[in-house]
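Have a look at the structure below before the remarks.
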There are 2 protein chains.
Amino acid sequence: MRIGELARRAGVSTRALRYYEQQGLITARRAANGYREYSEADLRLVTEIRSLLTVGFTLEDARPFVACLRAGHESGASCPESVEVYRRKLAEIDGEIRTLLTRRAEVAAQLGAACPGCMFGPPPDRNEGES
Amino acid sequence: MRIGELARRAGVSTRALRYYEQQGLITARRAANGYREYSEADLRLVTEIRSLLTVGFTLEDARPFVACLRAGHESGASCPESVEVYRRKLAEIDGEIRTLLTRRAEVAAQLGAACPGCMFGPPPDRNEGES
DNA sequence: GTAGGCGTTGACGCCAGCGTCAAGGTCAAG
DNA sequence: CTTGACCTTGACGCTGGCGTCAACGCCTAC
């Protein structure tokens with residue numbers, strides 16, 4: 001398939017696909033006229049990238065997953081490099097959550113001091129986030 | 001005082017001060033030779049801006065606080081516009097925390113599926129963030 | 001005079017992940 | 001032949017808060 005079809009099926013823009021290629025995440029066979037030609041495996045790669053991005057990963061983070069799929073594994077997370085990225089990201093997210101909780105407490109304290117009676121409820125509980 | 005001294009006393013770069021001025025957050029009287037001249041009140045404004053930025057506010061968010069101080073109030077948070085920014089920010093932070101908790105759960109689930117036994121403990125609890 | 005430590009404005013660089021034109025080539029349908 | 005949908009590369013724009021030159025003026029000390 002060509003880039004337009006891949007874009008539609010993957011739910012991304014053609015610009016994004018060319019960008020991923022430029023970043024070395026995906027590659028494309030070229031037809032005689034210069035058009036990019038993609039396979040079903042490429043669709044799989046792009047959907048993997050997209051799902052990772054939507055969870056807050058960067059394109060750099062996605063590299064090991066793509067490499068893992070390219071290496072023939074069924075899941076992009078089957079390789080130790082991918083697992084390592086997961087662990088790193090988990091720690092990173094935890095750090096951000098802690099930072100935000102600290103900020104929230106500071107801002108809430110300031111708001112409470114400036115305007116007693118303006119407060120809502122408590123910070124979001126971790127139970128809410130679990131699906 | 002001139003820009004260098006203000007920068008040292010406020011703990012920011014001169015570039016930052018000129019940027020705040022360009023954004024209309026602070027203003028400076030000009031000496032005969034064109035040098036910016038600041039007062040103690042300006043130092044107060046800059047420290048207010050800095051403390052807000054470190055808590056995750058943008059310069060845009062800081063505007064009402066600066067205006068409040070300029071209006072003669074002792075605290076930048078004494079004005080209703082500032083309080084409104086606090087409320088907005090609080091809600092914003094809560095949203096980000098919820099997003100991160102959701103992501104954390106998703107990533108943890110993926111990690112658990114890809115590598116059973118790789119998990120650490122639970123997500124950070126809200127009690128940790130409160131000083 | 002001159003070294004050098006202060007100040008001035010202007011403008012590009014950075015980070016990420018693209019959006020959005022610009023200016024064209026390709027190909028099938030009518 | 002022409003229209004029009006598709007494709008190509010190249011390059012600037014965007015968001016925020018500055019860092020970092022560049023090229024120059026001011027002022028004091030020696």
Side-chain angles (χ1 to χ4, degrees), chain A residues 1-39 42-43 45-63 65-66 85 88-89 92-93 96 99 103, chain B residues 1-39 42 45-66 85 88-89 92-93 96 99 103:
Chain A
M1 81 195 88
R2 291 179 305 186
I3 197 169
E5 187 182 347
L6 177 59
R8 272 191 306 278
R9 291 178 61 184
V12 304
S13 65
T14 60
R15 177 69 179 90
L17 293 178
R18 281 189 270 257
Y19 180 67
Y20 298 159
E21 181 176 331
Q22 190 187 352
Q23 299 303 310
L25 284 161
I26 60 178
T27 57
R29 191 168 64 78
R30 293 301 182 118
N33 55 11
Y35 288 12
R36 291 171 177 83
E37 278 293 336
Y38 298 96
S39 66
D42 291 322
L43 173 58
L45 293 186
V46 175
T47 53
E48 179 86 6
I49 292 172
R50 282 275 92 184
S51 65
L52 289 171
L53 284 184
T54 56
V55 189
F57 284 50
T58 67
L59 281 183
E60 214 54 40
D61 294 331
R63 277 183 204 282
F65 293 82
V66 172
V85 171
R88 210 166 40 66
K89 267 297 165 180
E92 204 175 306
I93 292 173
E96 292 174 20
T99 299
R103 278 193 208 161
Chain B
M1 81 196 89
R2 292 178 306 184
I3 197 169
E5 186 183 345
L6 178 58
R8 272 191 305 278
R9 291 177 62 183
V12 305
S13 66
T14 60
R15 177 69 178 88
L17 292 177
R18 281 189 271 257
Y19 181 67
Y20 298 158
E21 181 176 331
Q22 190 187 352
Q23 299 304 310
L25 284 161
I26 59 179
T27 58
R29 191 169 64 79
R30 292 303 181 115
N33 56 11
Y35 289 10
R36 290 172 177 82
E37 278 292 336
Y38 298 97
S39 65
D42 292 322
L45 293 186
V46 175
T47 53
E48 178 87 5
I49 293 173
R50 283 273 92 185
S51 66
L52 289 171
L53 285 184
T54 57
V55 188
F57 284 49
T58 67
L59 281 182
E60 213 54 40
D61 294 331
R63 275 183 204 283
F65 293 82
V66 172
V85 170
R88 208 167 40 67
K89 268 295 166 181
E92 205 175 303
I93 293 173
E96 292 175 20
T99 299
R103 279 193 206 161

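First the proteins, then the strands, lettered A, B, ... as listed; each starts at 1.
At a non-hydrogen distance threshold of 4.0 Å, B:Gly4, B:Arg15, B:Arg18 from residues 4-18 of chain B come into contact with DNA chain C. Listed in residue order, the members of residues 55-64 of chain B having a heavy atom less than 4.0 Å from DNA chain C come to none. Annotation: proximity of residues 19-30 of chain A to DNA chain D (heavy atom, distance under 4.0 Å) is found for A:Arg30, numbered in ascending order.
In this structure, the CG atom of A:Leu53 is 10 Å from the C1' atom of C:dA16, given to the nearest Å.
A:Arg15 CZ to A:Gln22 CD: the interatomic distance, rounded to the nearest 0.5 Å, is 6.5 Å. Distance check, rounded to the nearest 0.5 Å: CG of A:Leu43 to CD of A:Glu5 gives 9.0 Å. For the atom pair CD1 (B:Ile93) and OG1 (A:Thr99), the distance works out to 11.0 Å, reported to the nearest 0.5 Å. Here the straight-line distance linking atom CZ of A:Arg2 with atom CG of A:Leu17 works out to 14.0 Å at 0.5 Å rounding.
Counting heavy atoms from C-beta on, the side chains of B:Tyr19 and B:Leu59 come closer than 4.5 Å. Within the 4.5 Å cutoff, the side chain of A:Val46 has no heavy atoms near those of the A:Tyr38 side chain. A heavy-atom distance below 4.5 Å is found between the side chains of B:Phe57 and B:Val85. Side chains of A:Leu25 and A:Ile49 form a contact here, defined as non-hydrogen atoms less than 4.5 Å apart.
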Identify all side-chain donor-acceptor contacts of residues 6-13 of chain B below 3.5 Å with residues at least two apart in sequence or on another chain.
| residue | atom | partner | partner atom | Å |
| --- | --- | --- | --- | --- |
| B:Arg9 | NH1 | B:Glu40 | OE2 | 3.2 |
| B:Arg9 | NH2 | B:Glu40 | OE1 | 2.9 |
| B:Arg9 | NH2 | B:Glu40 | OE2 | 3.4 |
| B:Ser13 | OG | B:Ala16 | N | 3.0 |

Would you give me the side-chain donor-acceptor pairs under 3.5 Å for residues 26-34 of chain B, sequence neighbours excluded?
| residue | atom | partner | partner atom | Å |
| --- | --- | --- | --- | --- |
| B:Arg30 | NH1 | B:Gly34 | O | 2.8 |
| B:Asn33 | OD1 | B:Tyr35 | N | 3.1 |

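Bending across the helix from C:dG1-D:dC30 to C:dG30-D:dC1, expressed as the angle between its end axes from five pairs apiece, amounts to 50° (10° rounding).
Partners of B:Glu60 by side chain to side chain donor-acceptor pair (under 3.5 Å), not counting sequence neighbours, listed by chain and number: B:Arg63. By the salt bridge (charged side-chain N to carboxylate O under 4.0 Å, His left out) test, B:Arg18 is found to be paired with no residue, residues two or more places apart in sequence or in another chain being considered. Scanning for side-chain contact (heavy atoms from CB on, under 4.5 Å) contacts around A:Ser39 gives A:Ala41, A:Asp42, with sequence neighbours left out. Shown here are the side chain to side chain donor-acceptor pair (under 3.5 Å) partners of A:Glu21, two or more places apart in sequence or in another chain: A:Arg36.
The list of side chain to side chain donor-acceptor pair (under 3.5 Å) pairs with a residue in residues 49-59 of chain B, not counting sequence neighbours, reads B:Tyr20-B:Arg50, B:Thr58-B:Asp61.
The nucleotide range of DNA chain D contacted by chain A, defined by atoms under 4.0 angstrom from heavy atoms of the protein and reported 5' to 3', is D:dC6 to D:dA11.
Comparing B:Gly34 and A:Arg50 by the nucleotide of DNA chain C that holds the closest heavy atom to each, the one mapping nearer the 5' end is B:Gly34.
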